Visitor: 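Got a structure for you, questions after.
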Amino acid sequence: MLMFEDVKEHLTQIIDSFCQTRGLPTGKVEFRNIPFSGEWGIAAPLFPLAAADPDKSLPVPKKAQEFAEILKTQAEELPGFSRIEAIRGYLNLYFEPHQYAERVVSTVLGQGKGFGSSEQQGKKVMVEYSNPNTHKPLHVGHLRNVILGGSVCNILEASGKKVIRANYIGDIGLHVIKWMCNYEMYHSGEQPDADTMRWMADLYAEADKRFVSEPAFEAAVRDYFGRWDAGEQHLKDLWKQTRDWSMEGFDQVYALLGEHFDRIYFESEVEEPGKALIEQLLESGLAEDGRPENPVIIDLDKKLGTNEEYRVVVILRSDGTSLYATKEIPLAIMKFEEYDLDQSIYVIDVRQSLHMKQMSKVMELMGYPWANRMRHLAYEIVNLPGNVTMSSRDGTVVLLDDLIREATQRALEVVREKNPTLDADMMLEVAEKVALGAIKYPMIARENTKIVTFDWDSALDFNGQSAPYIQYAVVRANSILRRLNEPAPSMAAFSHELLPVEVNLIEKMSQLPDVVQKAAVEFKPSLVATYAFELAQAFNDFYTQCPVLSAEGSTRLSRLVLVQAAKISLENALSLLGIQSPQVM
RNA sequence: GUUUCCGUGGCCUAAUGGAUAAGGCACUGGCCUCCGAAGCCAGUCAUGUGGGUUCGAAUCCCACCGGAAACACCA
């Protein structure tokens, strides 16, 4: 509870002086929330203190209870608590509910959109994410990366970091050559239609199919690759044009998802610097040249004296062409030189863990002091039911385009049914917000290291633990405020008897700043996703049990400000997840 | 073979080493003359196995079982 540091400090002083008189070490006691609902306070488990007592005449739980009872009498002078109890080795302090309700609600209302965020501390962090290949479609697997990366950026910003959103685009390679070759042979002169993404994707699928099934086409592609390497101008022009189309398609999707980037890196711009670096690595003796038979490698285990831990990195093919690692090395350097980063984060799926570990080690061996400030944020992939990995080759991918379209269509049907009086534009706007929320939420609502299984039924389910459930709570709150025929009060005293559901709602709201901090430190948007759902649950409990507009006098006023604060908290939590809140649905 | 990740009700997930393991889906039965039923209430069912550390373990350590992944010219 970030908002009640002063209370904790007082209590800490009491406990510390108790420790000093008994000859016990200080700083052993940490506070936690009381896990029972309906009451509101902090708890101090005294077991660590009891275990540290050299006097072992009593078992730890009994001693903890004894300490709790002594501390209870000493803490009773503290203001602001309605009740203090010593039970089962815990010292529980229950807040005076009205006072703290006012404190929480006025903080939320005072900070508004900033509630949950902390002040800037000047630390600079780059987050690289999304990283699509041009000329290829985006599918549901890419979605997890974009949503996770974007959300991590939001959360880091809210925690007080300066964030640079970076995107590393794969704009060269076999996939690009295949696409261009197929285009020139079968679609020469054609232009993308309004749905650029889709058009590019269809042509890519066609090219890939020909590549594996038509030997003549495969031969043509190889010929193309040769001409590309020779630097034929015509191909460069075509490449630039088609890459632009692909980038336009990405921009459409990013706009729809609400994502933006501060810095775009292209693979093509780091290829030559990479090759130059390889020469340096060979001169310094770090790399070994096996050409022409074998590739250029760095044998990390040999250099470090480790055994099967870092393995071997291949940094240049035996024919002298570049690889992933060739380009990663200059890119990492460029980032730190350009931005003087405190941290450089890579949102990349878990299968590249070894590779990321190797890259960081290579940087260290090259003598860069920032090598240990690179961090791989690994996440598990998105599977299909039955543990089937999505593969563009097997045609098992679920295209992002199709998913968004289908979800929006479904959402539109529901909106039309629930809210038939809305005009058509508004219906579509609401349907998009609901659909996108529903799609995004499962991508970040579980731990990064757990596999997400995609299936259409649950992706299009707008009930239960889902974004629409949380959005619905916002809409309900908004509905109350909309029906109010007078200006909403800016603040009110909480003098009525608070029901347990009101206390729970207020307590949940108060936790947002803590949740954001923790999510930022651990790079876990899932904590915010879970929190947002619990907050919505707390609001729904409140909504069903506490009449607002029909309540009397001060109860009505205090509930009105509570509704406003709850709405702000819900919207802020959703916004950190990259999910928008409709006002009606 | 080496290494990493994951094992919690029928299914999916949650729980700074702390109190009675929390929700969602599905299923069954209730709740709209009352601020929006995309909601609420009620019911059945769970920490892979065996050790260890600890006052206390779903959580930390070891072993095993089961699943996934990575490990020299894909990214």
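Quick note on labels: first sequence line is chain A, next is B, and so on, each numbered from 1. Small disclaimer: the values here were computed from a predicted structure and weren't measured.
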Visitor: Tell me what Pro442(A) touches on the nucleic acid: a base, only sugar-phosphate, or nothing, going by heavy atoms under 4.0 Å.
Guide: nothing
Visitor: Can Glu406(A) and Arg410(A) be said to form a salt bridge (charged side-chain N to carboxylate O under 4.0 Å, His left out), step by step?
Guide: CA-CA 6 Å; Glu406(A) 181 68 27; Arg410(A) 291 271 197 113; 3.7 Å; yes
Visitor: So, is Thr449(A) close to the rC6(B) phosphate, meaning a side-chain N or O under 4.0 Å from OP1 or OP2?
Guide: yes
Visitor: Suppose you measure atom P in rG23(B) against the same atom in rG36(B); what distance do you get, rounded to whole Å?
Guide: 27 Å
Visitor: Need one value for Val563(A): base, sugar-phosphate or nothing, where a base atom within 4.0 Å counts as base even if backbone is also close, heavy atoms only.
Guide: nothing
Visitor: On the six-membered ring of Phe67(A), is Lys28(A) placed so that its NZ or CZ lies under 6.0 angstrom from the centre and within 45° of the ring axis?
Guide: no
Visitor: Considering every strand and a 4.0 Å limit on heavy-atom distances, what is the contact class for Val415(A): base, sugar-phosphate, or nothing?
Guide: base
Visitor: If we take the P atom in both rG9(B) and rC41(B), what is their distance in whole Å?
Guide: 24 Å
Visitor: If you measure from the C1' atom in rA68(B) to the same atom in rG48(B), how many Å do you get, rounded?
Guide: 16 Å
Visitor: Under 4.0 Å between a Lys/Arg side-chain N and an Asp/Glu carboxylate O for Glu380(A) and Arg446(A)?
Guide: no
Visitor: Under 4.0 Å, heavy atoms only, any strand: does Pro59(A) hit a base, just the sugar-phosphate, or nothing?
Guide: nothing
Visitor: Please report the distance separating the P of rG17(B) from the corresponding atom of rC12(B), rounded so that it comes out in whole Å.
Guide: 25 Å
Visitor: At under 4.0 Å between heavy atoms, how does the protein contact nucleotides 68-75 of chain B? Give one character per nucleotide, 5' to 3', with B, S or -.
Guide: SSSBBBSB
Visitor: Quote, to the nearest angstrom, the C1' distance that separates rC25(B) from rU16(B).
Guide: 29 Å
Visitor: Contact class for Ala43(A) vs. all strands (heavy atom < 4.0 Å): base, sugar-phosphate, or nothing?
Guide: base
Visitor: Please report the distance separating the P of rC34(B) from the corresponding atom of rG29(B), rounded so that it comes out in whole Å.
Guide: 26 Å
Visitor: Go through the structure and list residues passing ring-ring contact (aromatic ring centres under 6.0 Å, His included) with Phe542(A), not counting sequence neighbours.
Guide: Phe539(A)
Visitor: Is the positively charged end of Lys8(A) above the ring of Phe31(A), judged by distance under 6.0 angstrom from the centroid and angle within 45° of the axis?
Guide: no
Visitor: Which pair of non-hydrogen atoms, one from Arg291(A) and one from Leu282(A), has the smallest distance, and what is that distance?
Guide: NH2-CD1, 3.8 Å
Visitor: I need the single residue from Asn145(A), Thr449(A), Asn448(A) that forms a side-chain hydrogen bond (donor to acceptor under 3.5 Å, both in side chains) with Tyr379(A). Which is it?
Guide: Asn145(A)
Visitor: Look at the side-chain N and O atoms of Tyr531(A) and state whether any lies under 4.0 Å from the OP1 or OP2 oxygen of rA15(B).
Guide: no
Visitor: Around Met426(A), counting heavy atoms of other residues, nucleotides and ligands shown, do more than 12 lie under 6.0 Å from its CE?
Guide: no
Visitor: Is the distance from OP1 or OP2 of rU13(B) to the nearest side-chain N or O of Arg446(A) less than 4.0 Å?
Guide: yes
Visitor: May I ask you to say what Glu447(A) touches in the nucleic acid, namely base, sugar-phosphate or nothing, with a heavy-atom cut-off under 4.0 Å?
Guide: sugar-phosphate
Visitor: Name the pairs: protein N/O against N/O of nucleotides 23-33 of chain B, kept only if under 3.5 Å.
Guide:
unit_1	atom_1	unit_2	atom_2	d
rG23(B)	O3'	Gln537(A)	NE2	3.3
rG24(B)	O2'	Gln465(A)	N	3.1

Visitor: Please state the P separation for the pair rU49(B) and rG10(B) - nearest whole angstrom.
Guide: 13 Å
Visitor: What's Lys518(A) touching, base or sugar-phosphate or nothing? Going by heavy atoms closer than 4.0 Å.
Guide: sugar-phosphate
Visitor: Please say whether more than 12 non-hydrogen atoms of neighbouring residues, nucleotides or ligands are located less than 6.0 Å from CD in Glu293(A).
Guide: no
Visitor: Give one of base, sugar-phosphate or nothing for Leu58(A), where a contact means two heavy atoms less than 4.0 Å apart.
Guide: nothing
Visitor: Heavy atoms only, 4.0 Å cut-off, all strands: where does Ala51(A) land among base, sugar-phosphate and nothing?
Guide: base
Visitor: Determine the Euclidean distance between corresponding P atoms of rA37(B) and rC31(B); express it in Å to zero decimal places.
Guide: 15 Å
Visitor: For Arg559(A) and rC35(B), is the shortest distance between a side-chain N/O and OP1 or OP2 below 4.0 Å?
Guide: no
Visitor: Does rU4(B) have OP1 or OP2 sitting under 4.0 Å from an N or O in the side chain of Lys357(A)?
Guide: no
Visitor: I want to check one thing: is the phosphate of rG36(B), taken as OP1 and OP2, less than 4.0 Å away from some side-chain N or O of Ser479(A)?
Guide: yes
